[in-house]
Amino acid sequence: MKHTSELSIDTILPAMRRAIGEGDELVLLHRPYLPPAAWTYVKDCLDTGWVSSAGAYVGRFETELAAATGCARAVATVNGTAALQVCFQLAGVAPGDEVIAPALTFVATANAICHCGAVPHFVDVSEERLSICPRALEERLSIVARPGPNGPINRETNRRISAVCLMHCLGHPGEIDAIVEICARYEIPLIEDAAESLGSTYRGKHTGRFGLLSAVSFNGNKILTTGGGGAILTDDEQLADRAKHLTTTAKTPHPWEFHHDAVGWNYRLPNINAALGVAQLEVLPEMLRAKRELAERYVQTFQEVRCARVLQEPSDSHSNYWLNALVLEPDVEAERDALIKQINDAGYQCRPLWQPMHQLPMYAGAPRGELGRTESLCRRVINIPSSADLAPNWQKGER
Ligand SMILES: *Cc1c(COP(=O)(O)O)cnc(C)c1O
(Lines give C-alpha, C1' and ligand atoms only; values in the text may rest on other atoms or scores of the structure.)
Protein backbone atom coordinates (compact mmCIF):
# COMPACT_ATOMS: atom_id res chain seq x y z
CA MET A 1 0.00 0.00 0.00
CA LYS A 2 1.35 3.33 -1.02
CA HIS A 3 0.13 6.21 1.03
CA THR A 4 2.54 7.59 3.56
CA SER A 5 5.03 10.01 2.12
CA GLU A 6 5.33 12.40 -0.77
CA LEU A 7 8.01 12.08 -3.40
CA SER A 8 11.00 14.12 -2.32
CA ILE A 9 14.63 13.69 -1.45
CA ASP A 10 13.53 13.32 2.20
CA THR A 11 11.63 10.16 1.38
CA ILE A 12 13.94 8.79 -1.31
CA LEU A 13 17.17 8.98 0.70
CA PRO A 14 15.88 7.01 3.71
CA ALA A 15 14.54 4.37 1.33
CA MET A 16 17.91 4.22 -0.40
CA ARG A 17 19.73 3.95 2.93
CA ARG A 18 17.43 1.22 4.20
CA ALA A 19 18.20 -0.75 1.05
CA ILE A 20 21.95 -0.35 0.67
CA GLY A 21 23.23 1.46 3.75
CA GLU A 22 25.35 4.54 3.88
CA GLY A 23 28.75 4.42 2.23
CA ASP A 24 31.80 6.60 2.89
CA GLU A 25 32.37 6.93 -0.84
CA LEU A 26 30.11 7.52 -3.78
CA VAL A 27 27.94 4.46 -4.33
CA LEU A 28 28.37 3.77 -8.03
CA LEU A 29 25.48 3.02 -10.38
CA HIS A 30 27.03 -0.25 -11.45
CA ARG A 31 30.48 -1.53 -10.73
CA PRO A 32 31.96 -4.78 -11.93
CA TYR A 33 32.61 -7.74 -9.68
CA LEU A 34 35.99 -9.27 -10.46
CA PRO A 35 36.32 -12.62 -8.67
CA PRO A 36 39.71 -14.05 -7.65
CA ALA A 37 39.77 -16.25 -10.77
CA ALA A 38 39.93 -13.07 -12.89
CA TRP A 39 43.39 -12.38 -11.46
CA THR A 40 44.49 -15.95 -12.10
CA TYR A 41 43.29 -16.08 -15.70
CA VAL A 42 44.55 -12.63 -16.68
CA LYS A 43 47.91 -13.44 -15.09
CA ASP A 44 47.97 -16.62 -17.14
CA CYS A 45 47.57 -14.50 -20.31
CA LEU A 46 50.41 -12.25 -19.17
CA ASP A 47 52.64 -15.15 -18.14
CA THR A 48 52.19 -16.97 -21.43
CA GLY A 49 52.17 -13.88 -23.66
CA TRP A 50 48.77 -14.73 -25.14
CA VAL A 51 47.21 -11.32 -24.67
CA SER A 52 45.85 -10.52 -28.10
CA SER A 53 43.81 -12.01 -30.92
CA ALA A 54 44.78 -15.64 -30.40
CA GLY A 55 44.70 -17.77 -27.27
CA ALA A 56 42.64 -20.36 -25.47
CA TYR A 57 40.34 -18.11 -23.43
CA VAL A 58 38.37 -16.86 -26.43
CA GLY A 59 37.22 -20.35 -27.39
CA ARG A 60 36.61 -21.26 -23.78
CA PHE A 61 34.56 -18.11 -23.22
CA GLU A 62 32.47 -18.83 -26.32
CA THR A 63 31.78 -22.41 -25.24
CA GLU A 64 30.91 -21.44 -21.69
CA LEU A 65 28.76 -18.52 -22.80
CA ALA A 66 26.80 -20.83 -25.08
CA ALA A 67 26.33 -23.23 -22.16
CA ALA A 68 25.26 -20.44 -19.81
CA THR A 69 22.60 -19.18 -22.22
CA GLY A 70 21.56 -22.53 -23.65
CA CYS A 71 22.41 -21.23 -27.10
CA ALA A 72 23.97 -23.55 -29.66
CA ARG A 73 26.73 -21.06 -30.38
CA ALA A 74 28.31 -17.84 -29.14
CA VAL A 75 30.82 -15.79 -31.11
CA ALA A 76 32.83 -13.32 -29.03
CA THR A 77 33.39 -9.83 -30.45
CA VAL A 78 35.22 -6.65 -29.57
CA ASN A 79 32.03 -4.99 -28.28
CA GLY A 80 28.27 -5.26 -28.32
CA THR A 81 27.75 -2.67 -31.05
CA ALA A 82 29.95 -4.65 -33.46
CA ALA A 83 28.07 -7.84 -32.53
CA LEU A 84 24.75 -6.17 -33.26
CA GLN A 85 25.93 -4.81 -36.60
CA VAL A 86 27.02 -8.27 -37.70
CA CYS A 87 23.67 -9.73 -36.55
CA PHE A 88 21.86 -7.30 -38.84
CA GLN A 89 24.21 -7.99 -41.72
CA LEU A 90 23.75 -11.76 -41.39
CA ALA A 91 19.98 -11.30 -41.24
CA GLY A 92 20.26 -9.69 -44.67
CA VAL A 93 20.04 -6.01 -43.76
CA ALA A 94 21.49 -4.12 -46.73
CA PRO A 95 22.27 -0.48 -47.49
CA GLY A 96 19.08 1.51 -48.05
CA ASP A 97 16.90 -0.81 -45.93
CA GLU A 98 14.96 0.09 -42.81
CA VAL A 99 15.19 -1.71 -39.48
CA ILE A 100 12.48 -1.28 -36.87
CA ALA A 101 13.85 -0.49 -33.43
CA PRO A 102 12.55 1.00 -30.18
CA ALA A 103 12.89 4.76 -29.76
CA LEU A 104 13.80 4.03 -26.15
CA THR A 105 17.23 2.42 -26.21
CA PHE A 106 20.92 3.11 -25.90
CA VAL A 107 22.20 4.84 -29.03
CA ALA A 108 24.25 1.78 -30.09
CA THR A 109 21.08 0.00 -31.26
CA ALA A 110 20.39 2.70 -33.85
CA ASN A 111 24.06 3.19 -34.68
CA ALA A 112 24.53 -0.50 -35.50
CA ILE A 113 21.65 -0.23 -37.99
CA CYS A 114 23.34 2.77 -39.63
CA HIS A 115 26.68 0.96 -39.71
CA CYS A 116 25.00 -1.44 -42.17
CA GLY A 117 23.96 1.48 -44.35
CA ALA A 118 20.35 1.08 -43.23
CA VAL A 119 17.97 3.52 -41.54
CA PRO A 120 16.34 2.98 -38.14
CA HIS A 121 12.55 3.21 -38.00
CA PHE A 122 11.40 3.92 -34.47
CA VAL A 123 8.38 2.48 -32.69
CA ASP A 124 7.06 3.01 -29.19
CA VAL A 125 7.60 0.93 -26.07
CA SER A 126 5.31 -0.31 -23.32
CA GLU A 127 4.98 1.22 -19.87
CA GLU A 128 5.37 -2.18 -18.16
CA ARG A 129 8.55 -3.43 -19.84
CA LEU A 130 10.09 -0.36 -21.52
CA SER A 131 10.67 -2.44 -24.66
CA ILE A 132 8.86 -2.54 -28.03
CA CYS A 133 5.10 -2.54 -27.55
CA PRO A 134 3.59 -5.26 -29.78
CA ARG A 135 0.49 -3.14 -30.41
CA ALA A 136 2.64 -0.21 -31.53
CA LEU A 137 4.64 -2.49 -33.83
CA GLU A 138 1.50 -4.06 -35.30
CA GLU A 139 -0.11 -0.68 -35.81
CA ARG A 140 2.95 0.76 -37.49
CA LEU A 141 3.35 -2.21 -39.83
CA SER A 142 -0.35 -2.16 -40.70
CA ILE A 143 0.02 1.49 -41.75
CA VAL A 144 3.32 1.43 -43.65
CA ALA A 145 4.06 -2.13 -44.80
CA ARG A 146 3.12 -3.40 -48.24
CA PRO A 147 4.30 -6.79 -49.53
CA GLY A 148 7.46 -6.76 -51.64
CA PRO A 149 9.51 -9.42 -53.45
CA ASN A 150 12.04 -9.77 -50.59
CA GLY A 151 9.92 -8.85 -47.61
CA PRO A 152 7.72 -5.89 -46.76
CA ILE A 153 8.33 -2.40 -48.16
CA ASN A 154 7.59 0.82 -46.32
CA ARG A 155 5.05 2.41 -48.68
CA GLU A 156 5.96 5.89 -47.44
CA THR A 157 9.71 5.66 -48.01
CA ASN A 158 9.88 2.77 -50.51
CA ARG A 159 12.57 1.16 -48.44
CA ARG A 160 12.55 -2.53 -47.57
CA ILE A 161 11.92 -3.31 -43.91
CA SER A 162 14.53 -6.01 -43.42
CA ALA A 163 14.61 -6.60 -39.66
CA VAL A 164 12.98 -5.84 -36.33
CA CYS A 165 15.30 -5.27 -33.37
CA LEU A 166 13.86 -6.07 -29.94
CA MET A 167 15.88 -4.63 -27.06
CA HIS A 168 15.33 -6.07 -23.57
CA CYS A 169 15.47 -2.87 -21.56
CA LEU A 170 17.47 -2.73 -18.32
CA GLY A 171 17.55 -6.52 -18.39
CA HIS A 172 13.76 -7.09 -18.35
CA PRO A 173 12.66 -9.39 -21.19
CA GLY A 174 10.36 -7.81 -23.75
CA GLU A 175 6.98 -9.12 -24.85
CA ILE A 176 8.69 -11.76 -26.94
CA ASP A 177 5.88 -14.13 -28.01
CA ALA A 178 3.75 -11.34 -29.44
CA ILE A 179 6.71 -9.75 -31.26
CA VAL A 180 7.85 -13.11 -32.68
CA GLU A 181 4.32 -13.72 -33.97
CA ILE A 182 4.11 -10.32 -35.68
CA CYS A 183 7.56 -10.72 -37.27
CA ALA A 184 6.62 -14.17 -38.56
CA ARG A 185 3.36 -12.89 -40.02
CA TYR A 186 5.09 -10.02 -41.83
CA GLU A 187 8.08 -12.22 -42.72
CA ILE A 188 10.62 -9.93 -41.10
CA PRO A 189 13.63 -11.45 -39.33
CA LEU A 190 13.87 -10.69 -35.61
CA ILE A 191 17.18 -9.66 -34.06
CA GLU A 192 17.44 -9.27 -30.29
CA ASP A 193 19.57 -6.59 -28.73
CA ALA A 194 20.24 -8.58 -25.57
CA ALA A 195 23.12 -6.29 -24.56
CA GLU A 196 21.55 -5.72 -21.14
CA SER A 197 19.86 -9.06 -20.55
CA LEU A 198 22.53 -11.70 -20.00
CA GLY A 199 21.01 -14.06 -17.43
CA SER A 200 17.39 -13.03 -18.14
CA THR A 201 14.90 -15.63 -19.28
CA TYR A 202 11.44 -15.43 -20.84
CA ARG A 203 9.13 -18.41 -20.20
CA GLY A 204 12.20 -20.37 -19.10
CA LYS A 205 14.34 -19.70 -22.17
CA HIS A 206 17.26 -17.30 -22.23
CA THR A 207 16.74 -13.95 -23.95
CA GLY A 208 18.61 -13.82 -27.24
CA ARG A 209 17.32 -17.23 -28.30
CA PHE A 210 14.06 -16.09 -29.85
CA GLY A 211 15.38 -14.13 -32.81
CA LEU A 212 17.51 -15.32 -35.70
CA LEU A 213 20.57 -13.88 -33.97
CA SER A 214 21.19 -11.71 -30.94
CA ALA A 215 23.90 -9.50 -29.48
CA VAL A 216 25.12 -9.21 -25.91
CA SER A 217 27.54 -6.66 -24.47
CA PHE A 218 30.32 -7.00 -21.92
CA ASN A 219 31.05 -3.31 -21.56
CA GLY A 220 32.26 -2.10 -18.16
CA ASN A 221 28.79 -1.24 -16.86
CA LYS A 222 27.04 -4.44 -17.93
CA ILE A 223 26.23 -7.36 -15.62
CA LEU A 224 29.32 -9.20 -16.86
CA THR A 225 32.26 -7.24 -18.20
CA THR A 226 35.33 -8.18 -20.16
CA GLY A 227 36.59 -4.60 -20.02
CA GLY A 228 35.02 -4.14 -23.42
CA GLY A 229 33.46 -6.90 -25.44
CA GLY A 230 30.37 -8.49 -26.84
CA ALA A 231 29.05 -11.65 -28.42
CA ILE A 232 26.72 -12.88 -31.11
CA LEU A 233 24.36 -15.65 -29.99
CA THR A 234 22.50 -17.98 -32.32
CA ASP A 235 21.07 -21.48 -32.50
CA ASP A 236 21.95 -21.66 -36.20
CA GLU A 237 25.34 -23.34 -36.70
CA GLN A 238 25.85 -21.99 -40.21
CA LEU A 239 25.12 -18.42 -39.18
CA ALA A 240 27.50 -18.85 -36.25
CA ASP A 241 30.28 -20.09 -38.54
CA ARG A 242 29.65 -17.16 -40.85
CA ALA A 243 29.67 -14.73 -37.91
CA LYS A 244 32.99 -16.11 -36.68
CA HIS A 245 34.47 -15.92 -40.16
CA LEU A 246 33.35 -12.35 -40.89
CA THR A 247 34.38 -11.01 -37.48
CA THR A 248 37.89 -12.46 -37.83
CA THR A 249 38.89 -10.84 -41.16
CA ALA A 250 37.26 -13.61 -43.27
CA LYS A 251 40.53 -15.51 -43.38
CA THR A 252 40.39 -19.03 -44.79
CA PRO A 253 42.19 -21.48 -42.51
CA HIS A 254 45.84 -22.13 -43.39
CA PRO A 255 48.94 -22.41 -41.16
CA TRP A 256 50.73 -19.48 -42.80
CA GLU A 257 49.07 -18.19 -45.95
CA PHE A 258 46.92 -15.08 -45.99
CA HIS A 259 43.84 -15.75 -48.02
CA HIS A 260 40.65 -13.83 -47.28
CA ASP A 261 37.42 -14.56 -49.15
CA ALA A 262 35.20 -11.62 -48.15
CA VAL A 263 35.37 -8.08 -46.80
CA GLY A 264 35.58 -9.05 -43.15
CA TRP A 265 36.04 -7.09 -39.95
CA ASN A 266 38.61 -7.23 -37.22
CA TYR A 267 36.01 -7.57 -34.48
CA ARG A 268 37.90 -10.18 -32.42
CA LEU A 269 37.72 -10.15 -28.66
CA PRO A 270 41.30 -10.20 -27.34
CA ASN A 271 42.30 -13.19 -25.21
CA ILE A 272 43.01 -11.07 -22.14
CA ASN A 273 39.44 -9.76 -22.24
CA ALA A 274 38.03 -13.23 -22.75
CA ALA A 275 39.96 -14.35 -19.64
CA LEU A 276 37.98 -11.82 -17.58
CA GLY A 277 34.79 -13.14 -19.12
CA VAL A 278 35.55 -16.76 -18.26
CA ALA A 279 36.18 -15.79 -14.64
CA GLN A 280 32.94 -13.86 -14.33
CA LEU A 281 30.80 -16.51 -16.02
CA GLU A 282 31.80 -18.79 -13.15
CA VAL A 283 30.10 -16.43 -10.70
CA LEU A 284 27.20 -15.29 -12.89
CA PRO A 285 24.60 -17.34 -10.95
CA GLU A 286 25.82 -15.78 -7.74
CA MET A 287 25.66 -12.27 -9.23
CA LEU A 288 22.15 -12.91 -10.53
CA ARG A 289 21.02 -14.06 -7.10
CA ALA A 290 22.52 -10.99 -5.47
CA LYS A 291 20.97 -8.59 -7.95
CA ARG A 292 17.57 -10.18 -7.42
CA GLU A 293 17.91 -9.76 -3.66
CA LEU A 294 18.89 -6.14 -4.12
CA ALA A 295 15.88 -5.49 -6.35
CA GLU A 296 13.56 -7.13 -3.80
CA ARG A 297 15.07 -4.97 -1.11
CA TYR A 298 14.46 -1.81 -3.13
CA VAL A 299 10.85 -2.84 -3.71
CA GLN A 300 10.39 -3.12 0.07
CA THR A 301 12.17 0.05 1.06
CA PHE A 302 10.45 2.17 -1.61
CA GLN A 303 7.03 0.76 -0.70
CA GLU A 304 6.12 3.89 1.22
CA VAL A 305 7.39 6.40 -1.30
CA ARG A 306 4.42 7.83 -3.12
CA CYS A 307 4.38 8.51 -6.86
CA ALA A 308 7.29 6.20 -7.67
CA ARG A 309 7.51 2.48 -8.29
CA VAL A 310 10.52 0.20 -8.55
CA LEU A 311 10.46 -1.48 -11.96
CA GLN A 312 9.89 -5.23 -11.52
CA GLU A 313 10.21 -8.21 -13.78
CA PRO A 314 7.17 -9.21 -15.85
CA SER A 315 5.34 -12.29 -14.50
CA ASP A 316 6.37 -14.42 -17.52
CA SER A 317 10.07 -13.63 -17.05
CA HIS A 318 13.04 -14.00 -14.80
CA SER A 319 15.06 -10.81 -15.05
CA ASN A 320 18.75 -10.26 -14.38
CA TYR A 321 17.84 -6.92 -12.73
CA TRP A 322 20.80 -5.34 -14.44
CA LEU A 323 19.85 -1.77 -13.52
CA ASN A 324 17.17 -0.96 -10.98
CA ALA A 325 14.85 1.82 -11.98
CA LEU A 326 12.41 4.09 -10.18
CA VAL A 327 9.52 4.99 -12.44
CA LEU A 328 7.83 8.22 -11.35
CA GLU A 329 4.19 8.95 -11.98
CA PRO A 330 3.56 11.54 -14.69
CA ASP A 331 2.26 14.21 -12.30
CA VAL A 332 5.62 14.42 -10.52
CA GLU A 333 7.90 14.13 -13.55
CA ALA A 334 8.85 17.82 -13.34
CA GLU A 335 10.73 17.02 -10.12
CA ARG A 336 12.87 14.27 -11.64
CA ASP A 337 15.95 16.21 -12.68
CA ALA A 338 16.27 18.06 -9.37
CA LEU A 339 15.94 14.72 -7.56
CA ILE A 340 18.66 13.17 -9.68
CA LYS A 341 20.99 15.97 -8.69
CA GLN A 342 20.11 15.67 -5.00
CA ILE A 343 20.54 11.89 -4.93
CA ASN A 344 23.93 12.18 -6.63
CA ASP A 345 24.94 14.92 -4.19
CA ALA A 346 24.00 12.62 -1.32
CA GLY A 347 26.52 10.04 -2.54
CA TYR A 348 24.34 7.68 -4.56
CA GLN A 349 25.10 7.70 -8.25
CA CYS A 350 21.93 7.75 -10.28
CA ARG A 351 21.07 8.55 -13.87
CA PRO A 352 18.13 9.30 -16.13
CA LEU A 353 17.25 6.97 -18.97
CA TRP A 354 18.67 7.77 -22.39
CA GLN A 355 17.38 10.59 -24.51
CA PRO A 356 14.84 9.15 -26.99
CA MET A 357 16.51 8.26 -30.29
CA HIS A 358 14.34 10.55 -32.43
CA GLN A 359 15.41 13.51 -30.32
CA LEU A 360 19.09 13.02 -31.18
CA PRO A 361 20.25 15.19 -34.09
CA MET A 362 21.30 12.35 -36.38
CA TYR A 363 18.01 10.47 -35.95
CA ALA A 364 15.61 13.42 -35.93
CA GLY A 365 14.54 12.70 -39.50
CA ALA A 366 14.20 8.92 -39.17
CA PRO A 367 10.82 7.36 -39.92
CA ARG A 368 8.74 6.68 -36.82
CA GLY A 369 5.38 5.93 -35.32
CA GLU A 370 3.73 7.61 -32.34
CA LEU A 371 6.32 7.79 -29.55
CA GLY A 372 4.34 9.24 -26.65
CA ARG A 373 5.20 6.52 -24.11
CA THR A 374 8.90 6.67 -24.94
CA GLU A 375 8.91 10.43 -24.44
CA SER A 376 6.99 10.16 -21.20
CA LEU A 377 9.19 7.38 -19.77
CA CYS A 378 12.34 9.29 -20.63
CA ARG A 379 11.12 12.06 -18.36
CA ARG A 380 10.17 9.74 -15.50
CA VAL A 381 12.83 7.12 -14.90
CA ILE A 382 15.71 7.27 -12.44
CA ASN A 383 18.27 4.45 -12.50
CA ILE A 384 19.63 3.73 -9.04
CA PRO A 385 22.74 1.91 -7.76
CA SER A 386 22.59 -1.74 -8.78
CA SER A 387 25.98 -3.40 -8.25
CA ALA A 388 25.75 -7.02 -7.07
CA ASP A 389 27.86 -6.27 -4.00
CA LEU A 390 25.17 -3.93 -2.67
CA ALA A 391 22.88 -6.90 -2.05
CA PRO A 392 21.98 -7.54 1.59
CA ASN A 393 23.67 -10.94 1.84
CA TRP A 394 26.44 -10.51 -0.70
CA GLN A 395 29.07 -13.15 -0.04
CA LYS A 396 28.05 -13.62 3.58
CA GLY A 397 28.20 -17.31 4.23
CA GLU A 398 27.97 -18.47 0.65
CA ARG A 399 31.58 -18.25 -0.28
C1 LIG B 1 25.57 -1.53 -24.01
C2 LIG B 1 24.58 -1.60 -25.08
C3 LIG B 1 24.93 -1.81 -26.42
C4 LIG B 1 26.34 -1.76 -26.96
O5 LIG B 1 27.27 -2.48 -26.35
P6 LIG B 1 28.82 -2.00 -26.37
O7 LIG B 1 29.51 -3.20 -25.86
O8 LIG B 1 28.90 -0.83 -25.44
O9 LIG B 1 29.19 -1.66 -27.76
C10 LIG B 1 23.93 -1.98 -27.36
N11 LIG B 1 22.64 -1.90 -27.01
C12 LIG B 1 22.26 -1.67 -25.75
C13 LIG B 1 20.80 -1.61 -25.44
C14 LIG B 1 23.19 -1.48 -24.74
O15 LIG B 1 22.79 -1.23 -23.50
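The first residue in the sequence is number 1, and the count goes up from there. Counting convention: from 1, in listed order, for ligands and their atoms alike.
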**OP:** Determine, step by step, whether Tyr321 and His172 satisfy the ring-ring contact (aromatic ring centres under 6.0 Å, His included) criterion, reporting the C-alpha distance in whole Å, the side-chain angles of both residues, the deciding distance to 0.1 Å, and the verdict.
**Re:** CA-CA 7 Å; Tyr321 282 102; His172 300 298; 5.3 Å; yes
Original post:
More than 12 foreign heavy atoms under 6.0 Å from CD of Glu237: is that the case here?
Top reply: yes
Original post:
Out of Leu29, Leu294, Asn383, Leu311, which residue meets the side chain to side chain contact (heavy atoms under 4.5 Å, CB included) rule with Asn324?
Top reply: Leu294
**OP:** Kindly assign one of parallel, tilted or perpendicular to the pair Tyr57 and Tyr41, based on the angle between their ring planes and the thresholds 30° and 60°.
**Re:** tilted
**OP:** For the residue pair Glu175 and Ser126, confirm or rule out a side-chain donor-acceptor distance under 3.5 Å.
**Re:** no
**OP:** Can you tell me which residues line ligand 1 if we count any heavy atom under 4.0 angstrom from one of its atoms, in chain and number order?
**Re:** Asn79, Gly80, Thr81, Thr105, Phe106, Ala108, Thr109, Met167, Asp193, Ala195, Glu196, Ser217, Asn219, Lys222, Gly229
Subject >> Exercise: do Arg159 and His121 side chains pair donor with acceptor under 3.5 Å >> reply: no
